[in-house]
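Reckoned from all heavy atoms, side chains included, excluding hydrogens, waters and symmetry mates. Positions are given from 1, in the same order as the sequence printed here.
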Amino acid sequence: MFNKPIISSYLKSKRLEWAGHIWRSDGIAKDIFIGRLNGKRPRGRPRQRWEDRVKTDLTEVSEELIRIEDSEDRDRWKDVVEAAKVLNGL
């Protein structure tokens, strides 16, 4: 309507962009992303993890199997991020 991107597809693309950046890094952020915390889980419904949200975004972007490990190829990952921008609110 106003030639602006849909906010949900914009957020998905930025989330995937950041996930690729984290996966390619060698710092503490990747260690936290890969690692699991041990401890007692709270009562009730489990909270949604950022990693789970990235995985659902990847399944919505393409029918083919895309994993976070594919972010090592920057050109292909850029295509994935661009595809997320064109989702039109799905």
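- Shown here for V61 and L16, the closest heavy-atom pair between the two residues is CG2-CD1, 3.8 Å.
- The pair E82-K78 does not meet the salt-bridge criterion, since no charged nitrogen lies less than 4.0 angstrom from a carboxylate oxygen.
- In this structure, CG on L58 lies 9.5 Å from CD on E60, to the nearest 0.5 angstrom.
- Taking the side-chain contact (heavy atoms from CB on, under 4.5 Å) definition, one finds that E69 meets it with W23, R67, sequence neighbours left out.
- Annotation: the span from R15 atom CZ to D57 atom CG amounts to 4.5 Å, rounded to 0.5 Å.
- Applying the side-chain hydrogen bond (donor to acceptor under 3.5 Å, both in side chains) rule to D79 yields no partners; only residues at least two apart in sequence or on another chain are considered.
- Counting heavy atoms from C-beta outward, I66 and R76 have side chains that approach closer than 4.5 Å.
- Listed for the W50 side chain is no donor-acceptor partner under 3.5 Å among the backbone atoms of A19.
- Nearest heavy-atom pair, K85 versus S9, reported as atom, atom and distance to 0.1 Å: O-OG, 3.6 Å.
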Yes or no on side chain to side chain contact (heavy atoms under 4.5 Å, CB included) for I68 and W77, after CA distance, side-chain angles and deciding distance?
CA-CA 9 Å; I68 189 69; W77 194 254; 3.9 Å; yes
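- Using a 4.5 Å cut-off on side-chain heavy atoms (C-beta onward), R24 and S71 make contact.
- Taken from CG in L11 to CD1 in I6, the straight-line distance is 11.5 Å, to the nearest 0.5 Å.
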